Protein chains: 2
Amino acid sequence: MKILIIEDEPRTGDYLKQGLTEAGFTADLVRNGLDGMHEGLAGDYELLILDVNLPGLDGWQVLKAIRAAGREMPVLFLTARDQVEDRVKGLELGADDYLVKPFAFSELLARVRTLLRRGRPRELEKLALADLELDVLKRRASRAGQRIDLTAKEFALLELFLRRQGEVLARSFIASQVWDMNFDSDTNVVEVAIRRLRAKVDDDFTPKLIHTLRGMGYVMEIRQA
Amino acid sequence: MKILIIEDEPRTGDYLKQGLTEAGFTADLVRNGLDGMHEGLAGDYELLILDVNLPGLDGWQVLKAIRAAGREMPVLFLTARDQVEDRVKGLELGADDYLVKPFAFSELLARVRTLLRRGRPRELEKLALADLELDVLKRRASRAGQRIDLTAKEFALLELFLRRQGEVLARSFIASQVWDMNFDSDTNVVEVAIRRLRAKVDDDFTPKLIHTLRGMGYVMEIRQA
DNA sequence: TCTTCGATGATGAGGATTTTCATGGGGGTA
DNA sequence: TACCCCCATGAAAATCCTCATCATCGAAGA
């Protein structure tokens, strides 16, 4: 599995290369857009990791050139915080997924694996249930048209619920997904987090979408009365 | 690689079994101490994961019985938060490592792999430099005999420094270890964390142990003047 | 060698988030 | 109906991150 990393920041580049190598991939690193383009066109890489902030030839141009040449390998791009436009632009230009810096390496690894496994499963960008909407790309939620601000944990929790609508999610499962944490019976972080999410998402609205199933967990769904 | 999980809490047990299976191990699960003892003695497991809080025959007894029978496979035990005595007891009874609930699954996986790879590399329990001491087991630090309370991040950071005394640690490396985070050039979390740690560990003491190397990172060592 | 300047790191304060804790409500079951 | 868990909830505390500003280092030039 050959992966090409195009990243000018030395630390990040080395970090990625080392991490991916340790994870069993073959990773090459180039530190500017021009080399990146050439390598990407010439080499037989199965995935590209592309920083958009490159001096000289930037990430967009590299991506454009590669797609224009008909190369179809999945591209994961790295963008700086809160640059919503960047993310949209990247996906429009033919990238397959993105990651916002700073990111956890485990997160990157997970995405790399997904992209390599399923080909190019561009992430579903908008999730919704009833009048609740979540734009994963813009990290923005709304209900009945009203913008809702979510914290990181709230967002993760809501995303989890929306991706698994109708499924009963056990606390332990939620804990493992949102906190990467094994369930410890005497903490109630999950309940508290649910509470906060409900306050923002359900309290002022009808119908309620988050439901408690005693002894089992929670579901997000539209309940007929 | 067969692993035996002895855990009565259903959620945790299922979670562990599933996670380990997905990670490529063969995991069997038993839900009480008696079965655990029998399985552990009879089956050809290469590693045991043992909850100490079992109803009936508890984790200690299981561990004792297994070691008494001469079985030498590594044992990783799970204990509840802040039960320092438990941890000490476990290691004394012949366990090889422990994990405090709640824990990240990735952490468990890392330890399982280490135990299986290196045989039984009982973790170094006490770290020290000059009059600074860190008891990894008890999660307790002291300098010049004075107890120092550390937060989770501070502890992780200090542990990292002590395990790598004399080595220059780049910010990016620190970030990846303590935050599992790729380095983002415009955050200064690392500096701030260093600051907090210094306040507790160096400010009121001599000699200073944390040193800054401009452009490179930080080292922990005793500096001759 | 001294001085200046740019860059890197240190520091303090503020704020937001997250967790813990204690208590109360409510549903299900005997 | 009464009891017992399980969950909800609010408040307080702790931790962590961001931001703005200040200090310091080291290089370069006089």
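Since the structure is predicted, the reported quantities are computational estimates derived from the model, not experimental observations. The sequence lines fix the lettering, A, B, ..., with proteins before strands; numbering per chain opens at 1.
One finds no side-chain N or O of B:T187 lying less than 4.0 angstrom from the OP1 or OP2 phosphate oxygen of D:dC17. Of the side-chain N and O atoms in A:R196, none sit less than 4.0 angstrom from OP1 or OP2 of C:dT17. A sub-4.0 Å separation between OP1 or OP2 of C:dA10 and a side-chain N or O of B:T212 is present. B:T151 has no side-chain polar atom (N or O) that falls below the 4.0 Å cut-off from OP1 or OP2 of D:dA14.
Rounded to whole Å, the distance from NZ on B:K153 to P on C:dT18 is 12 Å. Per the geometry, OH belonging to A:Y218 stands 6 Å off P belonging to D:dC7, to the nearest Å. The distance between atom CG of A:L213 and atom C1' of C:dG27, rounded to the nearest whole Å, is 13 Å. Taking atom CZ on B:R214 and atom P on C:dC5, their separation rounds to 17 Å, with Å as the unit. Distance CD (A:E191) to C1' (C:dT18): 15 Å, rounded to an integer number of Å. A:I194 places its CD1 atom 14 Å from the P atom of C:dT18, with the value rounded to the nearest Å. We find that CG of B:D203 is positioned 11 Å from C1' of C:dT11, with the value rounded to whole Å. Atom CZ of A:R195 and atom P of D:dA12 are 16 Å apart (whole Å).
Under the 4.0 Å criterion applied to side-chain N and carboxylate O atoms, B:D135 and B:K126 are assigned as salt-bridge partners. Contact check on B:R111 versus B:D96 returns no salt bridge, with no Lys/Arg side-chain nitrogen under 4.0 Å from an Asp/Glu carboxylate oxygen.
For B:Y15 and B:F105, the distance between ring centers is under 6.0 angstrom.
Closest contact between the side chain of B:N188 and the listed nucleotides C:dG9, C:dT20, D:dA20 involves D:dA20. Across C:dG26, C:dT19, C:dT20, the shortest atom-to-atom separation from the side chain of A:W179 is found for C:dT19. Considering only the side chain of B:V192, D:dC19 comes nearest among C:dG27, C:dT19, D:dC19. Relative to the side chain of B:A152, the nucleotides C:dG12, C:dT20, D:dC16 differ in distance, and D:dC16 lies closest.
Heavy-atom minimum distance, B:F25 versus B:V112: CZ-CG1, 4.1 Å.
Two residues are said to be in side-chain contact when any heavy atoms from C-beta on lie closer than 4.5 Å; B:E7 and B:R31 fail this criterion.
Among the atoms of the strands shown, only primed sugar atoms or phosphate atoms (P, OP1, OP2) are found under 4.0 Å from some heavy atom of B:R198.
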